[in-house]
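Data first, discussion second: the structure below is written as structure tokens.
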Amino acid sequence: MNKSDLLQFIEKSADECVALQKLLTSHKALAPENGGDGEWEKCSGLEEFLRAHGITNLERFDAPDSRALHGRRPNLIATIPGKKKPVAAGSLGLANDSGASTDSSASSDNSGSIWVIAHMDVVPVGNHADWKTDPWTVVEKDGKLFGRGVEDNQQGLCSAFAAAWAFVANGVQPERTIKLLFAADEEVGSKYGMIWLLQNHAELFSKNDFFVIPDGGDPLGQTIEVAEKNVLWVQFTVSGKQCHGSRPDEGLNACLAANRLSVALYEGLHKKFDARDDLFEPATCTFEPTKRDANVAGVNIIPGSDVFCFDCRVLPRYKNEEVLEEIKKIVAKEEEVSGAKVSFELLQNAQSKATDKNAPVVKALAAAIKEAHGIEAKTIGIGGGTVAAELRNLGYDCVVWSSLDETAHMPNEYCVISNMTRDAKTLALMFSGF
């Protein structure tokens, strides 16, 4: 089978990708932290779908979690074995239309697998009134699919499926062994997903493997993410004294102290950590107040407790420990000014290393993008956290890439249907072996 035939098969797989999107979206794979039961039902549906399409070499690695359905968080791996012989440098391993092999500037051997890692969990809907359609039922309109999770991260999941299915359905053996990992728990920290796998099943992975994570990108699929900002999520609890709204002199307004602390954190952290790095967009650290818990039930009650969170995305040149030390100083000052007591806990604390922009996986992906779409790729860094951070910190080279409109976590989230097959073609060229 020549290269054009394989890519044409992928082009015609759009209907199957849409069907898979509809199946996946119908299962509300929310983490227990977000009021859900986890990914069990979604994973079961995906497993059945893959088997029906001939992808039958499936393994489950379930992390125990008593809060979730059946007490487990599923991680599913699909394997398509590759050829045993080494791949010649610069060869795609597929013939072009004339029967001659196609050369590429990227090269590697066949000593490792190529992983595509997508996650099954999704974020909550948010304000339901902001949605124009039912978030849990895919609606197709103007070449797009609308629904919660369709872009984050089901688009990448479907692209991985379409690329792998092209080989399986046509009896073509890839040069490198294909490993599709459908992971749990990415949206709230990967404790039961990537982190659990790396801690409990490190034998699955090799430093010779390629890792592609289709969980970030741009509309053209031009940017290859090689670095991430550090992620620091902090929850603050401000304790004062509850009293009647007409007698603030008899209490200590925790809400007022929390408001003041929030502004002090926002201003102080930005001032202290003010470096720029144009690899990232935005090029600076960000420190944003986000979630806030309900405090009192009545307007005429001055709250004695107030809880709020900060989402900090820190340039890799800084250590999260430095940020935490500054937070402690700002908290101490607020306690001195108001008399309130402040405690805080870390909801997420991820320090991230970078992948070298000249790493083989970067070169292989850039060559595939150029071959598939005639686009010169460029390397970037991002602020959003992905499972790449966990891999990079252990010395695995990986890339984050996709063709995305970046509607993740928004109301009316959508994916562009053609992006699923577009990205599948790029992955298929990587699977063919650079």
Side-chain angles (χ1 to χ4, degrees), residues 20-51 55 58-78 115-126 128 131 134-138 147-158 160-161 179-201 204 213-215 231 233 235 290-291 293 309 311 345-350 384-391 408-409 413 415:
L20 180 53
Q21 282 273 26
K22 290 180 177 179
L23 170 68
L24 297 173
T25 306
S26 68
H27 297 294
K28 301 178 183 180
L30 295 170
E33 291 90 336
N34 290 327
D37 294 322
E39 305 84 359
W40 185 274
E41 292 184 347
K42 187 171 185 175
C43 186
S44 298
L46 173 59
E47 196 168 353
E48 183 178 346
F49 183 94
L50 293 174
R51 291 188 187 280
I55 301 175
L58 303 175
E59 297 176 278
R60 286 273 292 270
F61 297 85
D62 295 345
D65 183 356
S66 60
R67 306 166 303 164
L69 188 64
H70 301 300
R72 288 179 283 171
R73 306 290 291 278
N75 296 283
L76 176 65
I77 296 177
W115 292 80
V116 184
I117 303 174
H119 63 85
M120 294 180 289
D121 60 319
V122 300
V123 296
V125 167
H128 205 288
W131 285 78
D134 175 12
W136 305 112
T137 302
V138 167
R148 177 52 87 220
V150 292
E151 192 182 59
D152 182 21
N153 189 218
Q154 292 166 198
Q155 179 182 310
L157 189 159
C158 290
F161 153 73
K179 293 278 190 177
L180 307 184
L181 169 55
F182 309 109
D185 197 39
E186 191 273 347
E187 293 293 0
V188 291
S190 293
K191 177 180 178 181
Y192 301 96
M194 196 73 244
I195 293 174
W196 186 84
L197 289 169
L198 290 168
Q199 290 176 343
N200 294 275
H201 295 283
L204 293 170
I213 297 134
D215 198 14
V231 179
W233 291 355
Q235 179 173 284
T290 55
K291 178 184 174 184
D293 290 354
C309 298
D311 183 334
E345 63 176 306
L346 304 184
L347 304 181
Q348 191 169 164
N349 183 6
T386 72
V387 298
E390 308 302 334
L391 288 159
H409 297 207
E413 177 184 353
C415 89

>> Just so I know, are the side chains of His201 and Trp196 near enough to count as touching, which here means a heavy-atom distance under 4.5 Å?
In response: yes
> Got a donor-acceptor contact below 3.5 angstrom from the Ser26 side chain to the Leu23 backbone?
Replying inline: yes
> At what distance, to the nearest 0.5 angstrom, does OG of Ser190 lie from CG of Leu391?
Replying inline: 9.5 Å
> Phe49 and Phe161: which non-hydrogen atoms are nearest, and at how many Å?
Replying inline: CE2-CZ, 3.5 Å
>> Let me confirm one number: the OG1-CH2 distance from Thr290 to Trp233, rounded to the nearest 0.5 Å.
In response: 8.5 Å
>> So which atom in Arg72 and which in Asp62 form the shortest heavy-atom distance, rounded to 0.1 Å?
In response: NH1-OD2, 3.5 Å
>> Within this structure, what is the CD-CD distance for the pair Gln154 and Glu413, rounded to the nearest 0.5 Å?
In response: 7.5 Å
> How far apart are the closest heavy atoms of Ala184 and Pro74, and which atoms are they?
Replying inline: CB-O, 3.3 Å
> Distance from Leu46 atom CG to Arg51 atom CZ, nearest 0.5 Å?
Replying inline: 10.5 Å
> If only atom types and distance count, is the side chain of Arg73 paired as donor or acceptor with the main-chain N or O of Tyr192 below 3.5 Å?
Replying inline: no
> Would you call Glu41 and Lys28 a salt bridge, taking side-chain N to carboxylate O under 4.0 Å as the test?
Replying inline: no
> What closest approach, in Å, do Cys43 and Leu76 show between heavy atoms, and which atom pair accounts for it?
Replying inline: SG-CB, 3.9 Å
>> For the CD atom on Gln348, are there more than 12 heavy atoms of other groups (residues, nucleotides or ligands in this structure) within a distance under 6.0 Å?
In response: yes
> Which pair of non-hydrogen atoms, one from Ala78 and one from Leu58, has the smallest distance, and what is that distance?
Replying inline: CB-CD2, 3.4 Å
> Judged by atom type as modelled, is there a donor-acceptor pair below 3.5 Å linking the side chain of Glu345 to the main-chain atoms of Gln235?
Replying inline: no
> Can we call the ring centroids of Trp136 and His27 under 6.0 Å apart?
Replying inline: no
> Counting only N and O atoms by type, is there a donor-acceptor contact under 3.5 Å from the side chain of Arg148 to the main-chain atoms of Pro124?
Replying inline: yes
> Roughly how far apart are Leu181 CG and Leu204 CG, rounded to 0.5 Å?
Replying inline: 8.5 Å
> Is any side-chain heavy atom of Leu24 closer than 4.5 Å to a side-chain heavy atom of Leu157?
Replying inline: yes
> Between the main-chain N or O of Glu186 and the side-chain N or O of Asp121, is there a donor-acceptor pair closer than 3.5 Å?
Replying inline: yes
>> For His119, run the side chain to side chain donor-acceptor pair (under 3.5 Å) check against Asn75, Asp185, Asp152 and tell me which one passes.
In response: Asp152
>> Tell me if a side-chain donor or acceptor on Trp40 pairs with a main-chain N or O of Ala68 at a distance below 3.5 Å.
In response: no
> Can you tell me if Asp65 uses its side chain to pair, donor with acceptor, with the backbone of Arg67 under 3.5 Å?
Replying inline: yes
> Taking everything shown except Glu48 itself, do over 12 heavy atoms lie less than 6.0 Å from its CD?
Replying inline: no
> Shortest non-hydrogen contact from Cys415 to Gln155?
Replying inline: CB-OE1, 3.2 Å
> Any sub-3.5 Å donor-acceptor pair from Asn34's side-chain atoms to Leu30's backbone N or O?
Replying inline: no
>> How long is the straight-line distance from CD of Glu47 back to NZ of Lys42, given to the nearest 0.5 Å?
In response: 15.0 Å
